[in-house]
Amino acid sequence: QVHVVESGGGLVQAGDSLRLSCEASGRTLTTFSMAWFRQAPGEDRDFVGAVSWNGGDTYIAPPLKGRFVISRDNAKNTMFLQMNRLKPEDTATYYCAVSMEGHTGRRQYEYDYWGQGTQVTVSS
C-alpha cells in the first residue's frame with residue numbers, strides 16, 4: 001500500500017506563484033512515477049503533468065507549458081508542482097497520483113494510488 005499526501009494549496013491572486021508538494025510513503029519500491037491531475041467543480045479530472053521514477057523525464061500538459069514545472073526529490077519520495085503566473089482558470093482541486101509501473105501518461109487508469117487533493121483558488 002502507498003500513502004499519498006498533497007500539500008501547499010491555498011488562496012492566491014492572479015499572477016501569483018504557488019508550489020504544491022506530494023509525498024508518497026509506504027511500499028519501498030523505488031521505480032514509481034508520479035503525476036498531477038486537477039479537477040474544477042463540474043469538470044472532468046484533467047492531466048497536469050508527470051515525472052518519471054528517477055526524475056529524469058517530466059511532462060506538462062501543453063496548455064500549461066511555460067507556467068507549470070514539475071520536479072521530484074527521490075530521497076524524500078516527494079514531487080513538486082511549481083505554478084507561476086496563476087490564472088483564475090487554474091482554480092481546482094489538485095490531485096497527486098502514483099504509478100507503481102512507472103507510467104507517465106495522461107490517463108487516470110494508469111495510476112494506482114491517489115491523494116485526497118489540495119485546493120487551489122486563484123482570485124482575479
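The basis for the numbers below is simple: all heavy atoms, side chains too, and nothing from hydrogens, waters or symmetry mates. Throughout, numbering of the chain's residues begins at 1 and tracks the sequence.
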Do [X] and [Y] belong together in a cluster built from hydrophobic side chains that touch within less than 4.5 Å?
| X | Y | value |
| --- | --- | --- |
| V51 | Y113 | yes |
| F47 | V98 | no |
| V12 | M83 | yes |
| M100 | V4 | yes |
| Y95 | F68 | no |

Beyond-backbone contact of [X] with [Y], side-chain heavy atoms, under 4.5 angstrom:
| X | Y | answer |
| --- | --- | --- |
| I60 | V69 | no |
| D112 | V2 | no |
| K87 | V122 | no |

Nearest-0.5 Å distance that lies between atom [atom1] in [X] and atom [atom2] in [Y]:
| X | Y | atom1 | atom2 | value |
| --- | --- | --- | --- | --- |
| T121 | L18 | OG1 | CG | 10.0 Å |
| E6 | C22 | CD | SG | 5.5 Å |
| S99 | F32 | OG | CZ | 10.5 Å |
| E110 | H103 | CD | NE2 | 6.0 Å |
| Y59 | T104 | OH | OG1 | 4.0 Å |

Begin from the C-alpha positions of W114 and C96 and carry the test side chain to side chain contact (heavy atoms under 4.5 Å, CB included) through to its verdict. CA-CA 6 Å; W114 292 80; C96 176; over 6 Å; no

Looking only at non-hydrogen atoms, find the nearest pair between A14 and P88 and report the distance.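 In this case the closest contact between A14 and P88 is CB-CD, 4.1 Å.
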
Taking all non-hydrogen atoms of both residues into account, name the closest pair between S7 and T118 and its distance.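 That closest heavy-atom pairing would be C-OG1, 4.3 Å.
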
Please check: side-chain N/O of [X] versus main-chain N/O of [Y], any donor-acceptor pairing under 3.5 Å?
| X | Y | result |
| --- | --- | --- |
| T31 | W53 | no |
| R106 | A61 | no |
| R72 | S52 | yes |
| D16 | L86 | no |
| Q116 | V5 | no |
| D44 | D46 | no |

Centre-to-centre under 6.0 Å for F37 and Y111, is that the case here?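 Aromatic pair counts; centres sit under 6.0 Å.
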
Which residue in the set L20, T93, T91 passes side chain to side chain contact (heavy atoms under 4.5 Å, CB included) when paired with V120?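 For V120, the side chain to side chain contact (heavy atoms under 4.5 Å, CB included) test succeeds with only one of L20, T93, T91, which is L20.
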
Among residues two or more places apart or on two chains, list those pairs meeting salt bridge (charged side-chain N to carboxylate O under 4.0 Å, His left out) that have a residue in residues 89-101.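 Listed once each, the pairs are R38-D90, R67-D90.
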
How would you list, by chain and number, every residue that makes a side chain to side chain donor-acceptor pair (under 3.5 Å) with N84, sequence neighbours excluded?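 Counting only residues at least two positions away or on another chain, N84 forms a side chain to side chain donor-acceptor pair (under 3.5 Å) with S17, Q82.
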
